[in-house]
Number of protein chains: 2
Amino acid sequence: MMRRSKKERQQLLTATIKENPFVTDEELAEKFQVSVQTIRLDRLELSIPELRERIKTVAEKRFESEVRSLPIDEVIGEIIDIELDQSAISIFDVKEEHVFKRNQIARGHHVFAQANSLAVAVINDELALTAKANLQFKRSVKLHERVIAKAKVTKIDEKTGRTFVEVSSFVNNELVFVGKFEMYRSKNL
Amino acid sequence: MMRRSKKERQQLLTATIKENPFVTDEELAEKFQVSVQTIRLDRLELSIPELRERIKTVAEKRFESEVRSLPIDEVIGEIIDIELDQSAISIFDVKEEHVFKRNQIARGHHVFAQANSLAVAVINDELALTAKANLQFKRSVKLHERVIAKAKVTKIDEKTGRTFVEVSSFVNNELVFVGKFEMYRSKNL
DNA sequence: CGAGCTCTTATGACTAGGTACTAAGAGTAG
DNA sequence: CTACTCTTAGTACCTAGTCATAAGAGCTCG
């Protein structure tokens, strides 16, 4: 890489670090064919923190998002009340990561996921899977709204164990979603 | 925290670091009421790397998963073919994070999410939302399986713009999921 | 032409959070 | 009593920096 003007170098520097925060001053000096000191002055001017600070920031963000995405692994939304094989209630706060950037409307699959995982959770069995579902998205859910999903077990087929769950989701008492789920369970009752 | 035996301390040490990799030897020494050297000997014995290495690892993992979770923000699964307002195909590889730990079966909402986001994507409009959906989970999808979802636009209501999309998902040519979506779009045609 | 300016490079002292190694003391078991 | 484990201490060294100071090169303005 040939030598460039200060301005040009600093622009490239910013871009380079943004793309790969794991790069050291020495590597950058090599890349831009300037001294390490120059790179440090550049970072100072551009308020770019040192390597270890950058790495730490990246790691911390991962740790934060880890916590956030962990419940996704089990139940979407927080279950606040449950009576197995009868009913359950969960709440789900719509955050930035759940909406379309363009219009701040929650993606359908998140609303569905809350309802679906509540339908799974309400079933008193180790294995519960969704067999069929009938969904109606009544109105769109927006960023920062709190969705309260209420599941009610409407019928359990005594022979097959097929369980029918109806989930209604509300935002401020307004119905936003209704889902009828037919659930499969491993053990018969 | 009172002093414990070496074994006990090392177990707690492992747990502590696992829970919070950002802790320094000095903080650990304080916590366990031993010298910093003892902590270092412990880490050596337990093959626990130093703070900066730990942080780096966390950061690197985030960087890897960044790439993986980025498309999640837009479309679940990778779109490999699309003809707007006609049809679309996407593939979705089922990974650890998509399955129930207990039985390695993919959670329904991931299969739904792939289909739903494909239904959204196929629509030639800035704003497309799911109004209704009818789902059938034909058989369970397991870890490491590759789901190929095919969406077909079956009808577009010329007045309202309501668009009907049928999505069929396959694993090795075997039908695993069918979804009928009624989609809402902002602009009439 | 020289003074002042920016830019670059160098140097030295210091920092955090370590590694690697040596040494020494306390307590315990055989 | 000796041998061993465990713990603590201290030293030299490392990386990837910070901060401050100094000096030289190249340009521009009067």
Side-chain angles (χ1 to χ4, degrees), chain A residues 1-70, chain B residues 1-70:
Chain A
M1 181 170 287
M2 58 156 282
R3 293 188 69 125
R4 297 174 146 82
S5 74
K6 186 181 174 181
K7 210 170 177 178
E8 204 179 345
R9 186 188 60 233
Q10 292 195 343
Q11 278 182 355
L12 276 165
L13 189 84
T14 311
T16 306
I17 292 175
K18 196 171 183 181
E19 195 201 317
N20 172 208
F22 300 87
V23 66
T24 63
D25 286 357
E26 209 172 315
E27 288 163 350
L28 290 164
E30 177 75 11
K31 174 166 183 169
F32 294 112
Q33 286 295 302
V34 291
S35 72
V36 173
Q37 284 73 10
T38 302
I39 296 295
R40 290 185 177 154
L41 279 171
D42 284 347
R43 278 200 300 98
L44 201 71
E45 280 182 44
L46 300 164
S47 316
I48 297 171
E50 63 168 288
L51 169 70
R52 291 188 288 228
E53 285 307 310
R54 296 195 303 262
I55 290 182
K56 209 175 159 188
T57 309
V58 172
E60 276 164 354
K61 277 193 191 146
R62 178 175 129 90
F63 234 66
E64 284 166 27
S65 69
E66 191 88 329
V67 182
R68 202 187 56 212
S69 72
L70 204 123
Chain B
M1 182 172 283
M2 58 156 285
R3 294 188 70 123
R4 298 175 146 82
S5 74
K6 185 181 175 181
K7 210 170 175 178
E8 205 180 345
R9 186 189 60 233
Q10 292 195 343
Q11 278 181 358
L12 275 166
L13 189 85
T14 311
T16 306
I17 292 175
K18 196 171 180 180
E19 196 201 315
N20 172 209
F22 300 89
V23 67
T24 63
D25 286 357
E26 211 171 314
E27 288 164 350
L28 289 164
E30 177 76 10
K31 174 166 184 167
F32 294 111
Q33 286 295 302
V34 291
S35 72
V36 172
Q37 283 73 10
T38 303
I39 297 295
R40 289 185 179 156
L41 279 171
D42 284 348
R43 278 202 298 99
L44 201 71
E45 280 183 45
L46 300 164
S47 315
I48 297 172
E50 62 166 289
L51 170 70
R52 290 186 290 227
E53 285 307 310
R54 296 195 301 265
I55 289 182
K56 209 174 159 187
T57 310
V58 172
E60 276 163 354
K61 276 192 192 144
R62 177 175 131 90
F63 235 65
E64 286 165 25
S65 70
E66 190 86 329
V67 183
R68 202 188 56 211
S69 72
L70 204 123

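All figures in this text were calculated on a predicted structure; none of them were measured in a lab. Residue numbers begin at 1 in each chain, while the letters A, B, ... track the order of the sequences.
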**Message:** Rounding to an integer number of Å, can you tell me how far A:Phe32 CZ sits from C:dC7 C1'?
**Reply:** 17 Å

**Message:** Could you check whether any side-chain N or O of B:Glu53 sits under 3.5 Å from a backbone N or O of B:Glu50, counting only pairs where one atom can act as donor and the other as acceptor?
**Reply:** no

**Side chain proximity check, B:Lys31 to B:Val23, heavy atoms < 4.5 angstrom** = no

**Sole residue of A:Asp42, A:Thr38, A:Val34 in side-chain contact (heavy atoms from CB on, under 4.5 Å) with A:Leu13** = A:Asp42

Atom pairs, N/O to N/O, protein against nucleotides 17-21 of chain C, distance under 3.5 Å?
from: C:dG17; atom 1: O4'; to: B:Arg52; atom 2: NH1; distance (Å): 3.1
from: C:dG17; atom 1: N2; to: B:Arg52; atom 2: NH2; distance (Å): 2.9
from: C:dG17; atom 1: N3; to: B:Arg52; atom 2: NH2; distance (Å): 2.6
from: C:dG18; atom 1: OP1; to: B:Leu51; atom 2: N; distance (Å): 2.8
from: C:dG18; atom 1: OP2; to: B:Asp25; atom 2: N; distance (Å): 3.0
from: C:dG18; atom 1: O5'; to: B:Asp25; atom 2: OD2; distance (Å): 3.4
from: C:dT19; atom 1: OP1; to: B:Arg43; atom 2: NH1; distance (Å): 3.2
from: C:dT19; atom 1: OP1; to: B:Arg43; atom 2: NH2; distance (Å): 3.4
from: C:dT19; atom 1: OP2; to: B:Arg43; atom 2: NH2; distance (Å): 3.0

**Complete:** Students should find that the end-to-end axis angle of the helix from C:dC1-D:dG30 to C:dG30-D:dC1, with five pairs defining each axis and rounding to 10 degrees, is 10°

**Item:** Minimum-distance pair of heavy atoms, taken over all atoms of B:Ile55 and A:Ala59
**Value:** O-CB, 3.5 Å

**Fill in**
Between CG of A:Leu13 and P of C:dT8 the distance, given in whole Å, is 12 Å

**Chi angles and distances behind the side-chain contact (heavy atoms from CB on, under 4.5 Å) call for B:Thr16, B:Phe32** = CA-CA 11 Å; B:Thr16 306; B:Phe32 294 111; 3.8 Å; yes

**Asked** Could you give the NZ-to-C1' distance, from B:Lys6 to D:dC4, as a whole number of Å?
**Response** 12 Å

**Test item: A:Glu60 and A:Lys56 side chains (from C-beta on) under 4.5 Å apart, heavy atoms** = yes

**Request:** Mind listing the closest non-hydrogen atom pair of A:Val58 and A:Pro21 along with its distance?
**Result:** CG2-CG, 4.3 Å

**Asked** If we only count heavy atoms from C-beta on, is the B:Arg40 to B:Arg43 side-chain gap below 4.5 Å?
**Response** yes

**Message:** Can you measure A:Gln33 atom CD to C:dC7 atom P for me and round it to whole angstrom units?
**Reply:** 20 Å

**Prompt:** Taking CZ from B:Arg9 and P from D:dT8, how many angstroms apart are they, rounded to a whole number?
**Reply:** 7 Å

**Message:** If you define the side chain from C-beta out and look only at heavy atoms, does anything of A:Ile48 sit under 4.5 Å from A:Arg54?
**Reply:** yes

**Message:** Counting neighbours of CD on A:Glu45 that are heavy atoms of other residues, nucleotides or ligands and sit closer than 6.0 Å, is the number greater than 12?
**Reply:** yes

**Message:** Please encode protein proximity along nucleotides 23-30 of chain C as a string of B, S and -, counting only heavy-atom distances under 4.0 Å.
**Reply:** --------

**Asked** Taking CG from A:Leu28 and C1' from C:dT9, how many angstroms apart are they, rounded to a whole number?
**Response** 17 Å

**Prompt:** How long is the line joining CD of B:Gln10 and P of D:dT5, in whole Å?
**Reply:** 14 Å

**Asked** Does A:Thr38 make a side-chain N or O approach to OP1 or OP2 of C:dT8 shorter than 4.0 Å?
**Response** no

**Request:** Send over the distance from B:Lys7 NZ to D:dT7 C1', rounded to a whole Å.
**Result:** 19 Å

**Prompt:** Between atom CG of A:Leu28 and atom CD of A:Glu30, what is the distance when rounded to the nearest 0.5 Å?
**Reply:** 10.5 Å

